[in-house]
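In what follows, a structure is listed as structure tokens, so that the remarks can point back to it.
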Amino acid sequence: MTDKILILDFGSQTTALIGRRIREMGVYAEIAGGDVKLEGGITEGVRGIVLSGSPESVYGAGLKPDPYIYRCGLPLLGICYGLQRMTADNGGLVGALPNREYGGVQVTVHGGERIPPYAEPFLEAFGEAGVITAWMSHGDTLTRLAPGFIQCGTSAAGFPAALVHQSNKWFGVQFHPEVTHTERGVELLAAFVFNICGCSKGWTMESYLAAAKDEIRLRAGDRDVLLLISGGVDSAVTGALLLNALGPERVHLLYMDTGLMRKNETALVKANLEKLGARHLHIVHCEDEFFAALAGLTAPEDKRKVIGDLFVKVQERELARLGLDDSYLLAQGTLYTDLIESGKGVGNNAHLIKSHHNVGSPLIEAKRREGRLLEPLDKLYKDEVRALGRLLGLDETITGRHPFPGPGLAVRIPGEVTREKCEILREVDAVFIDELHKRRTADGRRTLYEDIWQAFAVLLPIRSVGVAGDARKYGWVAALRAVTSADGMTADVYPFPPGDLIEIATLITNTVPGIGRVTYDISSKPPATIEWE
């Protein structure tokens with residue numbers, strides 16, 4: 001049996017990122033709800049357990065793990081809330097900080113004679129200097145250590161930042177080693193997985209593909225599957241996976257031209273899906289319906305939910321026309337990031353960041369409750385989806401494409417969405433992306449498009465005064481956005497060479513009617529999200 005690490009999800013936005021880091025090491029990681037019952041088989045094959053972070057407090061509404069976790073004899077690693085949970089559950093105290101510890105915080109590690117030998121690899125992972133910059137995000141701290149715990153790391157403000165247990169292989173950190181902002185975070189996780197838990201490598205994307213195909217066949221049985229496809233990376237990979245698992249006769253691909261798509265998107269989608277061997281490709285032109293439904297709406301959540309509901313309504317209408325059996329399954333290219341940002345972490349204890357149209361819609365939720373929703377990518381991150389797509393033989397023009405939101409341009413137009421605004425934004429976006437494909441990095445090895453994780457334009461709901469020839473003119477303001485990221489959970493602003501950015505902005509104002517000014521968004525995630533809405 002393949003070794004695995006069990007991760008208990010208490011609602012953190014980065015729970016699945018812990019799993020992703022461990023899977024990258026070649027070890028299978030499984031995520032379960034924070035309060036799941038551990039006795040009765042779930043720990044079979046498990047070599048260690050990670051307790052994730054949480055937006056809650058241990059003295060408030062935070063979940064409690066099954067007490068069996070402390071009796072099972074497996075190594076434990078508590079991360080942020082997970083450490084506080086271990087402390088509170090074993091006789092220690094947790095209280096509010098006078099000032100929240102957030103962002104990059106220096107952590108100093110210190111050993112000593114009391115540190116047990118099995119903990120040495122964990123401390124060594126901090127590096128020879130014993131000082132790292134770690135990413136923190138908490139408002140509570142340990143005010144009294146639980147019996148048996150030893151403090152072996154301290155934050156710059158003097159609060160406990162790393163602990164080990166004297167007699168049990170229990171460890172805890174008051175920061176997030178899974179995020180890229182933490183120095184030597186991967187080394188810390190690797191020390192736990194390999195040195196403490198003794199795991200062997202045995203998990204690959206190939207093994208994930210085999211398991212995913214088996215799961216799809218099991219869930220589908222003899223039923224047909226309908227996939228709502230947008231042409232983006234997620235839905236394209238989902239389509240390729242379904243076609244690979246079930247064959248083209250049982251897979252129906254429904255693409256809706258909502259009027260909210262990128263320039264020439266429909267033609268590109270059709271060509272790509274036909275390359276996948278799709279036989280049942282249904283293209284629906286429903287621009288008028290979507291613009292009518294969005295008329296007068298300005299709140300982001302309202303727009304997302306209306307779009308999600310209308311997606312399903314049009315789909316149901318088209319199904320009646322196509323004559324599919326009522327037992328069909330609805331498939332979506334939902335990623336784990338979509339679920340957790342919509343408050344749908346494995347343990348259902350995550351906070352809502354924003355509703356995704358394929359998660360927050362009441363009609364989608366109804367199908368989820370009925371067990372008629374198939375989401376084969378819901379445990380993967382974007383870069384893992386790209387790797388899966390390449391394994392399935394998808395062209396790099398698809399797998400390497402920047403993410404595009406399901407609601408399309410509607411969430412890149414703050415305020416009311418109109419046909420005119422979409423036409424303007426489509427042109428701005430096309431110029432921007434085309435220039436990124438043409439321009440190369442300083443070393444000439446990559447295009448700017450390849451060097452950037454996600455780039456797009458936003459049409460702001462304001463007009464700015466300008467001069468066209470000798471005339472005074474008001475034009476819309478476009479904001480350009482470009483970020484680097486590994487997984488979409490955190491993102492940094494792309495450091496454009498000033499010359500490129502100025503030339504692209506000039507080209508946009510000179511060639512796109514209606515645009516009078518261009519700005520560049522320099523906000524990282526967090527505190528901002530990647531999309532504006």
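Side-chain atoms are counted along with the backbone in the values below, which use heavy atoms only and exclude waters and symmetry mates.
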Can you find a heavy atom in the side chain of [X] that is under 4.5 Å from one in the side chain of [Y]?
X	Y	value
T133	V105	no
V225	R250	no
T87	P160	no

Q. Do Y449 and H402 have ring centres separated by under 6.0 Å?
A.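 Yes: the rings meet the under 6.0 Å criterion.
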If we ignore hydrogens and angles and just use 3.5 Å, is the side chain of [X] paired with the main-chain N or O of [Y] as donor and acceptor?
X	Y	value
Q151	L163	no
S54	Y81	no
S524	P526	no
R481	F456	no
S57	G60	no

Looking at [Y] and [X], is there a salt bridge between them, counting it only when a charged N and a carboxylate O are closer than 4.0 Å?
X	Y	result
R20	D383	yes
K4	E30	yes
E533	R412	no
R217	D214	yes

Q | Residues forming a side-chain hydrogen bond (donor to acceptor under 3.5 Å, both in side chains) with E396, sequence neighbours excluded | A |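 In terms of side-chain hydrogen bond (donor to acceptor under 3.5 Å, both in side chains), with neighbours along the sequence ignored, E396 is linked to R390, T399.
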Q. Does R114 have any salt bridge (Lys or Arg N to Asp or Glu O under 4.0 Å) partners at least two apart in sequence or in another chain, and if so, which?
A.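 By the salt bridge (Lys or Arg N to Asp or Glu O under 4.0 Å) rule, R114 matches no residue at all.
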Q.
R401: which residues meet the salt bridge (Lys or Arg N to Asp or Glu O under 4.0 Å) condition with it, sequence neighbours left out?
A.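 Only E265 meet the salt bridge (Lys or Arg N to Asp or Glu O under 4.0 Å) criterion with R401.
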Q. Is L97 atom CG crowded by more than 12 heavy atoms from other residues, nucleotides or ligands, each under 6.0 Å away?
A.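 Yes, CG of L97 has more than 12 neighbouring heavy atoms, counting only those of other groups under 6.0 Å.
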(Q) To the closest 0.5 Å, what do you measure between CZ (F404) and OG (S235)? (A)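 Answer rounded to 0.5 Å: 11.0 Å.
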Q: Quick one: sort the F122 and F171 rings into parallel, tilted or perpendicular, breaks at 30° and 60°.
A: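 Tilted.
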Q: Describe, in one word, how the ring planes of F149 and H165 are oriented to each other, choosing from parallel (under 30°), tilted (30 to 60°) and perpendicular (over 60°).
A: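 Ring orientation of F149 relative to H165: perpendicular.
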Q. Side chains of N90 and W170: donor-acceptor distance under 3.5 Å anywhere?
A.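 Side-chain D/A pair, N90 to W170: absent.
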Q: Decide whether Y70 and D89 meet the rule of one side-chain donor and one side-chain acceptor closer than 3.5 Å.
A: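 Their side chains do contain a donor-acceptor pair, which is all the 3.5 Å distance test asks for.
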